[in-house]
Amino acid sequence: MTQSNFVPVRLQDITKSYHDFQALKGVSLDIAAGEFVSILGPSGSGKTTLLQIIGGFTRPSAGRVFFGDADVTLLPPQKRDIGVVFQNYALFPHLSVAENIAFPLRARKTPPERIQQRVARALRSVDLAGYGDRPIANLSGGQRQRVALARAIVFEPRLILMDEPLSALDKNLREAMQMELRSLHAELGATIIYVTHDQREALTMSDRVAVMKAGRIVQIDTPRGLYSRPVNDFVADFVGESTLVPVERVGVRAVRLGSAVLGCPRDLAPGQLCIALQAETLLLCGDEPAEPGTNCLEGTVGEIVFQGESLKASLALQGGAEIAIRIPSHHFNARALPASGSQVRVKLHVEDTVVVPVTA
Amino acid sequence: MTSSLPRLLLWIATGAILAFLVLPIGIVIIMSFSDSRFLTFPPPGFSWRWYAAYFGDRDWMDATLNSLLLASLSTLICVPVGTAAAYAANVSASPLLRRLQIVLLTPVMVPVIILAAGLYMVYAQVGLNATKLGLVCAFSMMNLPYVFISVLAGLRSFDMNQENVARSLGLGRFAAFVKVTLPQIRPSVATGALFAFIGALDETVVSIFIAGGENQTLPRRMFMSLRNEIDPTIAAISAALITLSFALVVLSSLRSKTRQGA
């Protein structure tokens with residue numbers, strides 16, 4: 001694949017209504033050629049409808065879809081040249097592995113000897129060389145996943161769409177496949193739009209992540225940006241493992257939580273505020289005076305739960321809010337482990353102090 | 001052995017039901033080999049004479065061939081129409097279309113005698129009584145629900161994403177249906193077709209009203225002949241029909257079994 005067919009994708013103010021229900025309320029999105037963008041959202045947020053519209057399976061009620069400069073809004077799926085991988089793979093059970101992968105080539109009337117070459121190459125690229133003659137029913141979940149992937153890339157599509165393709169796999173396989181998808185993405189230079197409800201998966205794989213809620217894109221940013229600069233409490237809650245606690249504004253870059261005053265890295269948004277406390281960013285510390293750039297909180301340790309590589313302790317702050325801290329479970333930490341019921345101090349870097357406006 | 005009594009009762013009930021289903025058929029088949037001039041049971045002796053009487057008689061043969069032709073033609077109409085209707089009912093989100101499904105099922109809900117009388121009156125107006133066209137239309141209408149229900153059941157367990165994928169891979173909607181969906185719902189389509197065919201072959205009540213003259217059907221001729229003379233030819237014909245239907249059902253179930261094995 002010397003010359004890439006992959007195109008930028010632009011969504012312009014897409015709306016979709018079903019009877020009196022608005023599934024999408026004006027979604028605009030610009031995706032560069034070769035970019036890996038995830039659409040992240042809880043179920044019912046409209047992410048699958050959006051994918052259906054990009055794929056051409058559903059027409060938007062209003063708005064336009066562009067592939068490069070071409071308006072494809074009304075183009076049927078077979079004319080869009082998109083590789084699609086669905087959650088359940090949607091392999092054709094009445095065809096063999098090779099026939100499944102040859103399917104898009106046959107549909108394009110590729111000469112048989114070219115088909116054979118390209119199927120063999122696609123099988124190699126997903127590490128399934130020699131599996132061509134197998135029936136689909138004899139493959140494991142991970143192998144099916146690879147066949148679906150091979151079928152989606154073999155015809156050199158303009159775009160690859162994936163709808164929760166890893167959700168049916170077990171955890172270890174899923175993490176391995178995430179890495180494989182990333183390297184495949186880099187290798188092909190593919191434009192990939194990836195729909196998922198798993199925030200970790202989205203953060204792991206994407207160049208950018210679009211977070212959706214109730215038919216709208218709430219925020220689109222790099223994984224790091226999304227994690228450290230969420231635009232509101234919804235994003236902060238959905239991305240990362242955090243506890244939201246209401247805080248009081250006491251300055252342009254300062255808030256009060258209980259008796260503690262915390263500095264913030266950026267000017268605060270207007271309106272009601274809350275702080276997103278992530279268990280991983282809170283570190284136990286002693287009674288020494290705080291260094292500059294550090295915020296401190298005090299609380300009482302509650303239950304401590306062993307979770308394998310780490311311990312999770314709940315911490316009741318002054319003022320009543322309950323948050324969680326995470327302590328790596330290696331033995332260097334064992335000595336410093338606070339007892340349940342003891343009073344502790346934790347520190348939090350100013351850059352990790354995420355204060356977001358509360359949406360209604 | 002606390003379970004032995006309920007078990008015994010279950011066996012007896014099952015045996016009784018099976019006997020009730022199979023015995024009448026057995027009796028008809030035995031009587032078809034009778035050498036008596038009358039429909040008596042048990043038959044006094046064995047002979048093939050009533051089969052000879054059936055296969056040697058031109059009127060019987062005409063009616064048989066006509067029935068086979070009508071059943072084939074009406075199946076050819078039922079299957080594509082019923083499949084298309086089931087497809088639409090399966091994919092459409094329109095509430096209107098969902099309600100229209102009921103209309104498709106009316107032929108099995110309305111008493112046949114009413115259907116027959118209605119057809120007769122409508123056909124009398126447009127001159128379709130005792131025509132092949134009229135009979136094929138009537139049979140197609142009556143057997144459409146069987147194809148519809150059978151194919152719809154097949155489609156319900158089919159993953160429509162497969163068709164979406166086939167479309168994204170470069171096939172038009174109809175081609176995607178033919179290459180991906182149809183091969184997988186083929187058993188349901190075949191079952192629907194089988195029921196439509198046998199239904200049309202057996203149809204009596206509507207035939208009595210709207211068939212006739214050159215366009216006689218076999219069941220109608222049998223009914224007429226039962227009224228006039230009672231001889232074991234009827235038993236021979238019945239046995240032949242039963243054999244045909246049975247063979248079709250066995251063939252189709254064998255086919256689906258080899259398919260699963262592959």
Side-chain angles (χ1 to χ4, degrees), chain A residues 16-19 21 23 48 51-52 54-58 75-96 99-110 135-137 147-165, chain B residues 83-84 87-101 150-151 153-193 252 254-262:
Chain A
K16 177 71 186 176
S17 322
Y18 295 101
H19 305 292
F21 172 67
T48 297
L51 181 112
Q52 294 267 334
I54 301 169
F57 309 119
T58 308
L75 217 56
Q78 66 267 29
K79 300 219 170 106
R80 291 195 180 195
D81 281 327
I82 338 173
V84 181
V85 181
F86 280 110
Q87 180 172 8
N88 52 8
Y89 320 134
L91 296 173
F92 308 134
H94 60 301
L95 301 177
S96 72
E99 285 169 331
N100 261 281
I101 298 174
F103 196 94
L105 303 175
R106 293 233 166 86
R108 285 171 175 72
K109 312 244 179 318
T110 312
I136 298 300
V147 175
L149 205 57
R151 186 177 65 177
I153 60 174
V154 70
F155 61 101
E156 293 169 18
R158 297 199 278 180
L159 166 69
I160 297 175
L161 287 184
M162 300 191 180
D163 188 4
E164 312 224 2
Chain B
T83 304
Y87 184 91
N90 189 46
V91 300
S92 173
S94 145
L96 175 70
L97 220 122
R98 295 199 172 272
R99 269 174 228 134
L100 276 178
Q101 287 185 39
S150 170
V151 174
L155 282 170
R156 289 262 189 256
S157 59
F158 173 77
D159 172 22
M160 268 296 158
N161 266 342
Q162 284 194 31
E163 209 172 284
N164 280 343
V165 167
R167 290 171 67 198
S168 77
L169 294 176
L171 288 186
R173 200 158 188 175
F174 185 70
F177 174 78
V178 171
K179 287 237 165 82
V180 172
T181 312
L182 193 57
Q184 293 179 63
I185 61 164
R186 192 165 281 153
S188 324
V189 177
T191 307
S252 86
L254 278 182
R255 255 183 69 97
S256 66
K257 211 169 263 169
T258 50
R259 221 159 230 299
Q260 278 170 3

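Chain A is the first sequence line, chain B the second, and so forth, proteins listed ahead of strands; every chain is numbered from 1.
Among pairs with a residue in residues 175-185 of chain B, those fulfilling side-chain hydrogen bond (donor to acceptor under 3.5 Å, both in side chains) read A/H94-B/Q184, B/Q162-B/Q184, B/E163-B/T181, at least two apart in sequence or across chains.
Evaluation of the side chain to side chain donor-acceptor pair (under 3.5 Å) rule for B/R173 yields no partner, not counting sequence neighbours.
Between B/L169 and A/F155 the shortest heavy-atom distance is CD2-CE2, 3.4 Å. When all heavy atoms of A/F57 and B/N164 are compared, the pair lying nearest together is CE2-O, 3.1 Å. Heavy atoms only, all atoms of each residue included: A/Q78 and B/L171 are closest at CB-O, 3.1 Å.
When heavy atoms are compared at a cutoff of 4.5 Å, A/R106 does not approach chain B at all. Contacts of B/A166 with chain A are made by both backbone and side-chain atoms, with heavy-atom separations under 4.5 Å. Only the side chain of A/R108 comes within contact range of chain B, with heavy atoms under 4.5 Å apart. Heavy atoms closer than 4.5 Å to chain B are found in the side chain of A/N88, but not in its backbone.
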List the steps, then state whether side chain to side chain contact (heavy atoms under 4.5 Å, CB included) holds for A/F86 with B/D159. CA-CA 11 Å; A/F86 280 110; B/D159 172 22; over 6 Å; no
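Atoms CG and CG, from A/L91 and B/N161 in turn, are 11.5 Å apart once rounded to the nearest 0.5 Å.
Your options are A/K79, A/R151, A/Q52, A/R80, and the one with the most heavy-atom pairs under 4.5 Å with chain B is A/R151.
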